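I have placed the structure first, in the form of structure tokens, so that the comments after it can refer back to it.
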Amino acid sequence: MLNKNTEVFMACEADYSEAQTVLFGAPFDSTTSYRPGTRFGSAAIRRESYGVETYSPYQDRDLEEIAVMDSGDLELPFGDPREALSQIEARAAEILADGKRPFLIGGEHLVTLGAVRAAARQYPDLHIVHFDAHADLRDEYLGVQLSHACVLHRCWELVGDGHIHQFGIRSGIREEFAWGAAHVETQKFTFDGLEALTERLAEKPVYFTLDLDVLDPSVFPGTGTPEPGGVSFDALRAAATLVCSKMNVVACDVNELSPHYDLSGISTAAACKIVREMLLALQ
Ligand SMILES: [Mn+2]
């Protein structure tokens with residue numbers, strides 16, 4: 001008997017009823033400030049996942065042994081961030097309401113705001129752990145508030161002071177860092193302090209947002225705003241595993257892969273491997 005060709009992230013074939021984590025893609029890049037292309041990120045990650053193993057030698061766990069569902073990509077309207085965000089919010093809210101964990105794959109970083117809106121409504125004491133090269137704390141960029149350059153400022157409006165914890169940040173304007181010093185916690189350049197944060201947040205509900213451009217462009221050139229001086233793949237893998245295994249991550253996302261800027265495919269492979277490690281650590 002022949003079966004329909006329905007592509008999912010490798011081994012993420014659980015039924016919705018049994019899945020604890022539910023993947024969905026948001027192929028949206030309308031506010032990207034420099035080089036667009038992240039709309040192709042989620043599909044590339046899904047397709048290229050078959051190039052890496054389901055088994056993790058780091059964690060001695062296998063995706064075949066856990067229940068994850070891949071619910072596919074949303075069909076988002078390009079050029080309308082408000083409508084796109086409301087569709088992302090609705091999908092995340094549905095998954096959260098069913099007692100499951102949404103795992104969003106971008107798309108540009110603005111997509112995070114949709115999922116954070118849903119998570120903050122369900123968990124009023126929500127904390128956000130944010131890995132990125134960029135502070136993303138501007139109030140507006142070129143006169144626009146719904147921009148990927150402003151996404152963490154928009155999230156701050158939902159979760160408040162002291163609830164955003166940034167790591168790896170190495171780019172922004174002076175005013176962003178000054179504003180951030182009063183409202184969020186920012187660890188520049190590294191993941192120093194992450195282990196202490198896992199203890200401080202203990203059982204607090206956490207939204208984990210991972211902008212892959214926190215990686216050095218030498219290992220992750222496939223992104224719209226590459227920023228030299230980033231962390232190594234292994235440092236990111238260890239840090240993301242720590243967050244997902246030690247914190248109470250109620251929702252998360254991986255964003256800003258722009259696969260066409262890296263014809264070697266290494267960036268997409270790195271993204272696939274990080275998603276695998278996160279899925280395994282979340283269980
Ligand atoms: Mn970034």
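Computed from a prediction, not measured in an experiment: that's the story for all the values here. Whatever order the structure lists ligands and atoms in, that order sets their numbers, starting from 1.
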Please list, one pair per line, the donor and acceptor atoms closer than 3.5 Å that link side chains of residues 139-146 to other protein atoms, with sequence neighbours excluded.
| residue | atom | partner | partner atom | Å |
| --- | --- | --- | --- | --- |
| Asp139 | OD1 | Gln145 | NE2 | 3.1 |
| Asp139 | OD1 | Arg154 | NH2 | 2.6 |
| Glu140 | OE1 | Gly143 | N | 2.5 |

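By the ring-ring contact (aromatic ring centres under 6.0 Å, His included) test, His183 pairs with Trp156, Trp179, sequence neighbours left out. Shown here are the ring-ring contact (aromatic ring centres under 6.0 Å, His included) partners of His127, two or more places apart in sequence or in another chain: His163, His165.
Within the sub-2.8 Å shell of the Mn ion (ligand 1), the protein contributes these N/O/S atoms: Asp132 OD1, His134 ND1, Asp211 OD2, Asp213 OD1, Asp213 OD2.
The residues Glu185 and Arg200 are annotated as salt-bridged, a charged nitrogen and a carboxylate oxygen being separated by less than 4.0 angstrom.
The main-chain N or O of Thr223 is found under 3.5 Å from a side-chain atom of Arg35 such that the two form a donor-acceptor pair.
In this structure, the separation between CD on Glu176 and OG on Ser171 is 7.5 Å, given to the nearest 0.5 Å.
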